[in-house]
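In this chain, residues are counted from 1 in sequence order. Computed over heavy atoms, backbone and side chain alike; hydrogens, waters and symmetry mates excluded.
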Amino acid sequence: MRLTELLPQYSIPASHSDLTVFGVTDDSREVRFGFVFCALPLVSGNALHFCAQAAARGAQVVIVPEGTPDDALGLSEFEKTKVMVLRHAKVQSLYAQLVARFHSGRPSTLVGVTGTNGKSSTVSFLRDLWTHAGYQARSLGTLGLRSTGMLHTNVEASFTTFDAKSTHLITSSLAPHGLDQGRLDGLEFEAAVFTNLTPDHLDYHHTMDAYFAAKLLLFTERLKNTGTAVINADDERAGRIIQEVKRRGAGVIAFSASGAPSDLRLLWRSANEQGQTLVASLFGQTFEIQAPVAGTFQAENILAAIGAAVATGVDIKVAVKGAEGLESVPGRLERVAALENGSVVYVDFAHTPDALRKVLLGVRPHVRKGSQLHVLFGCGGDRDSSKRPVMGRIASELADVVLITDDNPRTESPAEIRRAILSAAPRARDAGERRRAIGAALSNLQNGDILVVAGKGHEDYQVLPILNDFGEPLLGADGRALTQKIPFSDAQVVHDLVYATNPSHERKTVSTAA
């Protein structure tokens, strides 16, 4: 592709007008002759330092943030005559668009889901509904690239949304902080779903208004004008999103799990051994759905998925029938063990105050009369610390037995994090290291009790500080604590401990997220 075709918005000098571009990358190590290198802002360090390396490897165009002086690029006088330097106000956004130009083949239908909680469950449920309707469907997000009947590929994400290059490479091969950082630029969605917005990632966004503004971009910039927004009417910001969507001329489907007036409205629900029974008004028709997943909040996610399915052409009766065959979502209120005494263990990704509240409220109806609800959780290090006592208070108010353990402490002291949670959880107990804590939690379970192991969900690792003999974090040359990443799966640990203590217990009763 010629440079003038790739970057029509720039006035390309005659010396470069015939230049053929063979690739676009943000990694200087991937640069080959004829590549465009985009110097994206880094979490740590300065991407401009890699411009010289990109030039040495054959980059003929370097794109840097607006206002970057020439002497910050590290280019030799010779390289300055060979490499064209372009400046752009939003390099991340431009990079995503350029990658999209190189990888244009995509599925015929794309749906984006945004919000604080419920994203992974909603996309997984939508994938199942599409599959039931006869479509070839895939979901892409925190759980990796998945299809119905397949737990994982080797493609997994560290964040909610993949980086721009991975997003476009993966979506093109199929026949989402990503919005704010421009990772989805270059994609257009037939439908966009808003689940909810509660405090999270405020260490990045700083304020709820900024957090909401980032989510709103899916509806103002990425949703097609002919598309449909599927909005949770129970969220206080629903009206603002609906207003913006209608201003563009796009359609709106509203859903509500509280019974509020909406296109999709939950009328009644009842917990049972297999999951829950839902009675809902869907576009004026009343349906009963035998959903094979537990939790009130999952009822909300089922409505969101049905809305997105209908928005993309699935008949409402087909979508309802598909909802009765939903697969369990790894790490999302996933039932991982049923003990011989009738107690049950769930693993859930809940790592925010609102998510923990919803999980505990959602599971409570499944607890037998006279039995207890147990919860085991921790909080991650190097993240928003203000939510630690809040989550401790919520757990103490909503669960009967509360155990506090480690999540991903990263560079922080695990004991200090636990103490912060315990400060607002008077009935809670410090259970220490996570594997030992899970063992203690299992030993506490009596007939009919339910245990929720919260915080890590599908994750199969832990990030821990390396401690000295005094229990203090070891520091590197830069003064930061040294960390180690170890294999750790809540589901697998529960499975191992249950099977070790109950040799006759059948392995099939435990479903792990590999």
Would you say [X]'s side chain and [Y]'s backbone share a donor-acceptor pair under 3.5 angstrom?
X	Y	result
K119	G115	yes
R410	L464	no
K387	H351	yes
T116	T198	yes
E190	L110	yes
D234	S258	yes
E334	Y346	no
E433	R435	yes
R434	D406	yes
N301	S121	no

Please tell me whether [X] and [Y] have a donor and an acceptor in their side chains that are separated by less than 3.5 angstrom.
X	Y	result
N117	D354	yes
E300	Q298	no
T109	W130	no
S281	Q285	no
T296	R269	yes
N408	E459	yes
T25	Y95	no

Test side chain to side chain contact (heavy atoms under 4.5 Å, CB included) applied to L373 and D449, step by step: CA-CA 6 Å; L373 174 58; D449 287 354; over 6 Å; no
After noting the C-alpha distance and the side-chain angles of R332 and H458, does the key distance pass the side chain to side chain donor-acceptor pair (under 3.5 Å) rule? CA-CA 8 Å; R332 270 58 177 182; H458 65 284; 2.7 Å; yes
Gap between atom [atom2] of [Y] and atom [atom1] of [X] - 0.5 Å precision:
X	Y	atom1	atom2	result
L264	I302	CG	CD1	12.0 Å
R368	S343	CZ	OG	9.0 Å
S262	L303	OG	CG	8.0 Å
I306	I289	CD1	CD1	4.0 Å
R427	R393	CZ	CZ	13.5 Å

Charged tip of R237 within 45° of F212 ring normal and under 6.0 Å: yes
Identify whether NZ of Lys or CZ of Arg in K485 sits under 6.0 Å from the centre of the six-membered ring of Y461 and within 45° of that ring's axis. yes
Given side chain to side chain donor-acceptor pair (under 3.5 Å), test D400 with H374 step by step and report yes or no. CA-CA 6 Å; D400 302 306; H374 302 235; over 6 Å; no
Taking it one step at a time, do E244 and R248 satisfy salt bridge (charged side-chain N to carboxylate O under 4.0 Å, His left out)? CA-CA 7 Å; E244 291 290 338; R248 298 182 58 201; over 6 Å; no
When every non-hydrogen atom of D407 is compared with those of K456, the smallest separation belongs to OD1-CG, 3.3 Å
Are R357 and E397 within salt-bridge range, i.e. N to O under 4.0 Å? no
Run the side chain to side chain contact (heavy atoms under 4.5 Å, CB included) test on L217 and R222 for me, step by step, so that the C-alpha distance in whole Å, both residues' side-chain angles and the decisive distance to 0.1 Å come before the verdict. CA-CA 7 Å; L217 293 174; R222 303 269 63 83; 5.8 Å; no
Counting C-beta onward and ignoring hydrogens, is there a side-chain heavy-atom pair between [X] and [Y] closer than 4.5 Å?
X	Y	answer
T195	N232	no
F125	E327	no
F194	L216	no

